[in-house]
Protein chains: 2
Amino acid sequence: MTPPKTTMTDVAAAAGVSPMTVSNTYKYPERVQEQTRARVLECAAELGYVPNIAAGNLAAGESRVIGGTIPSMRNSSFYKYVLGMQNCANAHGYKLVLMLADTIEQERSAIEALIGLRVAGLVLVGTEHAPEAMTLLKRSGIPVVESWTPAGAMDLGVGFDTAAATRTLVRLLLKDERRQRIALIVHEGTGSRRFLERVPAFRAELAAAGRKDDLVHFAQETDGFGAGRRALDALLQREPELDAVICPTDIVAAGILFECSRRGLAVPDQLAVAGWGDYELAQEVTPQLTTVHPNASEMGAAAIDLLIRRGQGTIPAGYSIDTGFEILERASTRERAHRSP
Amino acid sequence: MTPPKTTMTDVAAAAGVSPMTVSNTYKYPERVQEQTRARVLECAAELGYVPNIAAGNLAAGESRVIGGTIPSMRNSSFYKYVLGMQNCANAHGYKLVLMLADTIEQERSAIEALIGLRVAGLVLVGTEHAPEAMTLLKRSGIPVVESWTPAGAMDLGVGFDTAAATRTLVRLLLKDERRQRIALIVHEGTGSRRFLERVPAFRAELAAAGRKDDLVHFAQETDGFGAGRRALDALLQREPELDAVICPTDIVAAGILFECSRRGLAVPDQLAVAGWGDYELAQEVTPQLTTVHPNASEMGAAAIDLLIRRGQGTIPAGYSIDTGFEILERASTRERAHRSP
DNA sequence: AAGTTGAATTGTAGCGCTACAATATGTGGG
DNA sequence: CCCACATATTGTAGCGCTACAATTCAACTT
């Protein structure tokens, strides 16, 4: 019932050295003579010893564990982002532990737990956090990187300019000057305001081109494909002449594509559809989706990198990295063929 | 630079009580008088104090953190599974920390890190683990639940009978007795053999019906939708009379659907397609996909529940829970309409 | 031969917390 | 008024580990 816990002292006894030598074997191998180290490791393996990281952190007053919260695992951008974080962390001898945080409240609880674990740093998504969490974060002095956000981080940040990406998408759609009624769909919900900064960018760009900028639709984040269907429904009701739509994610865009095919609406001839996120899906649907590629993996790596360098004191406060984006223009927004006049 | 770390002693001093009273306030609130507790919590909040879980675990020799490894975040079943775990853990006052483990080697490294953190228990996916990891797991005495697997767990297990699900799918396809050439696609790869147990079930059921059972295709797990395209290609080359196909995931099935639409192959009339996992996508594609619903959320909850109850000593070794599955029959495998004779 | 050096190893103390036993503080009975 | 008795609070010791200073010991100098 009670598992026989193997400690450093046990290993030391078995190897005939002092506990400190065992400690050094793991933490500063170069301080221990080759053959001593080999013997220690052998004994450790034989006893099934795994160093108690928590105790080590406590004694050393530092940690090589980085915590991350993720708001959703449902899209492939986040997957690449987490992979990027993990690879970078491992390459530097850090471990990444994740906690799921779908809502601000869950995030608060996760942040508290990770601070409790005394992680070396924290990577959060976005800049909206529970006020209590912000306070704790500041008090604890743990370095924090906020990701998927171009600016406005409390300290360190990585991300790309979503407003710029939105403007670029609008301009791309306006290349076909016959498109008069362009809509923007954004998510709203308990979780995140991070879509909302696209709205003013959208409006500004349309206004600059002398178009009406009233078609902004708010969709539930939890709805997935269904949100696309519902959004299209609502938008067509408001504006039967709808020309083009910019979606908050490729999932929503795909939902719209599916709905268009049900209704017999031709994409892109009758309706141009732009996605967001460059999910794998975007290349598989017909027509292929124009989308925003977020460099998720680079973003993840940059976040961890910032954290580690901040720990070394080589990064000033308030530093931010823009990991850029790329607009992938595909069939779903191609200009309509000009018919002979 | 050096963040002023607030400790229990600081809070105790501020509240004018002993450190033990602060400790009790958090761990055994009922032992502390109402007003004392209130004062302690107030001081803690003011100082931004968060208990050091790691130190607490060390002193108490126990932990309320559960570790989990996840092989992929790309599908919605895993999302629901993780949610199920997290909800159950939180409901019992436990925290769930996750590590990404796409390969056996990454899993080994994650297991080691989580043991190092001295988590209360571990939830792994599948039954294949690095031998070193298995040894450590046994030696450490940490309770382990293996999930997504019906049987063969080293100790505790949760999952459903994938062989039974496969047989049910085959029988469903055989209801249309004109279907002669049914194929099975499974994933193979560095990551997992967990798809392979479907093969003998597939063969046995077909053999029992007097059909040929040779059409088994192995696809790369990393390929996503593309795997569907490639698999269909390969299968049609081997057997132009292909009637039906059972896919390892809904993603692969959707890939096949997309490819069918490109080729002008009618689903289900010319080719029946069955998916696996009941992803959101399955209901959105046309035709809607027949699929296996894995009760992912229940599985996650059951895993954590087992772990906690094992910690309390109320679960015998070798205990397994079958969380069942459901076959969702949808348009992609409907019987072909009988033409009048 | 005594002194100097450097590498390898080892005590000591303490990280922040909790189990446990010990003490203080009240309450009512005899 | 003293004793039992429960309730509230507090020392003490130690969890497993590491920083740091102290020690050992062989290999060179001079």
Side-chain angles (χ1 to χ4, degrees), chain A residues 2-40 43-44 47-65 113 115-120 140-142, chain B residues 2-40 43-44 47-65 113 115-120 140-142:
Chain A
T2 335
K5 293 176 194 301
T6 313
T7 74
M8 193 169 264
T9 314
D10 300 330
V11 178
V17 295
S18 80
M20 259 325 289
T21 301
V22 179
S23 172
N24 285 331
T25 300
Y26 284 96
K27 195 123 200 247
Y28 304 100
E30 72 282 1
R31 289 187 189 167
V32 180
Q33 218 172 6
E34 179 71 38
Q35 60 175 41
T36 313
R37 191 178 7 168
R39 189 151 38 89
V40 168
C43 291
L47 294 170
Y49 170 71
V50 178
N52 185 332
I53 301 178
N57 292 345
L58 177 59
E62 61 172 34
S63 159
R64 297 222 141 210
V65 178
I115 293 181
L117 254 16
R118 294 298 188 271
V119 292
S140 70
I142 291 181
Chain B
T2 335
K5 295 176 192 300
T6 313
T7 74
M8 194 168 264
T9 314
D10 300 329
V11 178
V17 296
S18 80
M20 259 325 289
T21 301
V22 180
S23 172
N24 284 333
T25 300
Y26 285 97
K27 196 123 199 248
Y28 304 99
E30 73 282 3
R31 289 188 190 167
V32 179
Q33 217 171 10
E34 179 71 37
Q35 59 174 36
T36 313
R37 191 178 9 169
R39 188 151 35 90
V40 168
C43 290
L47 294 169
Y49 170 71
V50 179
N52 185 331
I53 300 178
N57 293 345
L58 178 59
E62 62 171 33
S63 159
R64 295 225 143 207
V65 178
I115 293 181
L117 252 16
R118 295 296 188 272
V119 292
S140 70
I142 291 180

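Everything numeric here is computed off the predicted structure, so don't read it as measured data. Lettering follows sequence order; numbering is per chain, from 1.
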- Please indicate whether A:Gln35 has more than 12 foreign heavy atoms, meaning atoms of other residues, nucleotides or ligands, lying under 6.0 Å from its CD. no
- In B/S/- notation (B base, S sugar-phosphate only, - none; protein heavy atoms under 4.0 Å), nucleotides 16-28 of chain C written 5' to 3' is BBBBB--------
Respond yes when some side-chain nitrogen or oxygen of [X] is under 4.0 Å from OP1 or OP2 of [N], and no when none is.
X       : N     : answer
A:Thr21 : C:dT9 : no
A:Gln33 : C:dA7 : no
A:Thr36 : C:dT9 : yes

- Message: Taking A:Ala54's backbone N and O only, do any of them form a donor-acceptor pair with A:Asn57's side chain (distance below 3.5 Å, no angle check)?
- Response: no
- Sequence neighbours excluded, which residues qualify as salt bridge (charged side-chain N to carboxylate O under 4.0 Å, His left out) partners of A:Glu34? A:Arg37
- Item | Gap separating the CZ atom of B:Arg31 from the OG1 atom of B:Thr21, nearest 0.5 angstrom | 11.0 Å
Can you tell me the distance, in whole Å, between the [atom1] atom of [X] and the [atom2] atom of [N]?
X       : N     : atom1 : atom2 : value
A:Glu34 : C:dA7 : CD    : P     : 17 Å
A:Arg37 : C:dA7 : CZ    : P     : 15 Å
B:Gln35 : D:dT9 : CD    : C1'   : 13 Å

- How close do B:Ile53 and A:Ala113 get, heavy atom to heavy atom, and via which atoms? CD1-O, 3.6 Å
- Query: Is the closest side-chain heavy-atom distance between B:Val32 and B:Val40 below 4.5 Å?
  - Reply: no
